[in-house]
**Student:** 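Handing you this structure, nothing more for now.
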Amino acid sequence: MSNPGARPIGIFDSGVGGLTVARKIHDRLPDEPFIYLGDTARVPYGNKSPATVQRYSENIARLLCDNGAKAIVVACNTASAYAREYLRDTLDVPVLSVIEPAAEDAVRTTRQGSIGVIGTLGTVKSGAYERAVAEYDPSIRVVSRACPLFVPLAEEGWTEGDIARQIARRYLDGFAETDIDVLILGCTHYPLLAPVITEVIEEVTGRKIAVLDSAEATSRRLAAVLSEQSLVCPTTAVAPSRRFWVTDISDSYVELCSRFFQAPVKDIVHVDL
Ligand code: DGL
């Protein structure tokens, strides 16, 4: 391809959660082609060791680059926490994480100087959000909690009702003693549970909480990076190609992926790493 801008954006997650980010990228940059890869054979990443998450992330990023990716979006908080710096140092295309953009938005939003973060065990253990927030404003307090059951709840589509509410209550109760006024959904699966999470966190804290996800902020940062690096796709009459790849495929994926992408996802392709 002669024009580097015509190459696709590579987006990946441990599974289907990153489609919430792909959706926002599609909305903000409708002319951009992309390849989305969900590592459904090896999901979840949230309870795996940093070395394993880094190895899986490198496999995927290299596959996407071999297929022409002009930029990589690590649409998984766990992979962003453990592999983003490594990928940035080893690949010769821009690598974006979902953590810094969300942290920047949260710092801009908080009035109390206190931010809550929920994510996988890996993301919380890594301290990546604490570091990212401190980069913008070291005086801001960050309280983070792991909510591992939110991932299977989102995958099962149990995103509302009593079970989702009870689990959210159990995880979010600890925020009662904090003074947070912003809560970052630090896992790309969680936006599907945003209504329940918002309801419960406001009930628990007794105040209005701004619930932020990283998709919007990441798509904004991606648009800026593509423009700065002259990688914007030239407009053509042909609709941009959007490819959806998974490392393990099952009958339920068309429905599941469509739910996360909020639009019909057809032609899901099985790839081996
Ligand atoms: N979507 C992943 C993230 O944002 C979480 C799912 C997993 O544990 O693999 O961290």
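Every number for a ligand or one of its atoms is a count from 1 in the order of the listing. Basis for what follows: all heavy atoms, side chains included, without hydrogens, waters or symmetry-related copies. Fair warning: this is a prediction, and the values are worked out from it, not measured in the lab.
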**Student:** By ring-ring contact (aromatic ring centres under 6.0 Å, His included), which residues pair with Tyr129, not counting sequence neighbours?
**Tutor:** none

**Student:** Between Tyr253 and Phe244, does the ring centre distance come in under 6.0 Å?
**Tutor:**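 No, the ring of Tyr253 stays outside the 6.0 Å limit from the ring of Phe244, centre to centre.
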
**Student:** Whether the Ser97 and Glu100 side chains hold a donor-acceptor pair (N or O, under 3.5 Å, no angle test) is what I'd like checked.
**Tutor:**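 Judged by distance alone, the side chains do pair up.
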
**Student:** Aromatic rings Phe260 and His189: how do their planes relate, parallel, tilted or perpendicular, breaks at 30° and 60°?
**Tutor:** perpendicular

**Student:** Using the benzene-type ring in the case of Trp, are the ring centres of Tyr56 and Tyr45 under 6.0 Å apart?
**Tutor:**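 Yes: the rings meet the under 6.0 Å criterion.
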
**Student:** Using a 4.0 Å cut-off on heavy atoms, what residues surround ligand 1? Order them by chain and number.
**Tutor:**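 Ligand 1 is contacted, at a heavy-atom distance under 4.0 Å, by Asp13, Ser14, Val43, Pro44, Tyr45, Gly46, Cys76, Asn77, Thr78, Thr120, Val151, Cys187, Thr188, His189.
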
**Student:** Are Phe261 and His26 an aromatic pair by the rule of ring centers under 6.0 Å?
**Tutor:**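 Centroid distance Phe261-His26: below 6.0 Å, so yes.
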
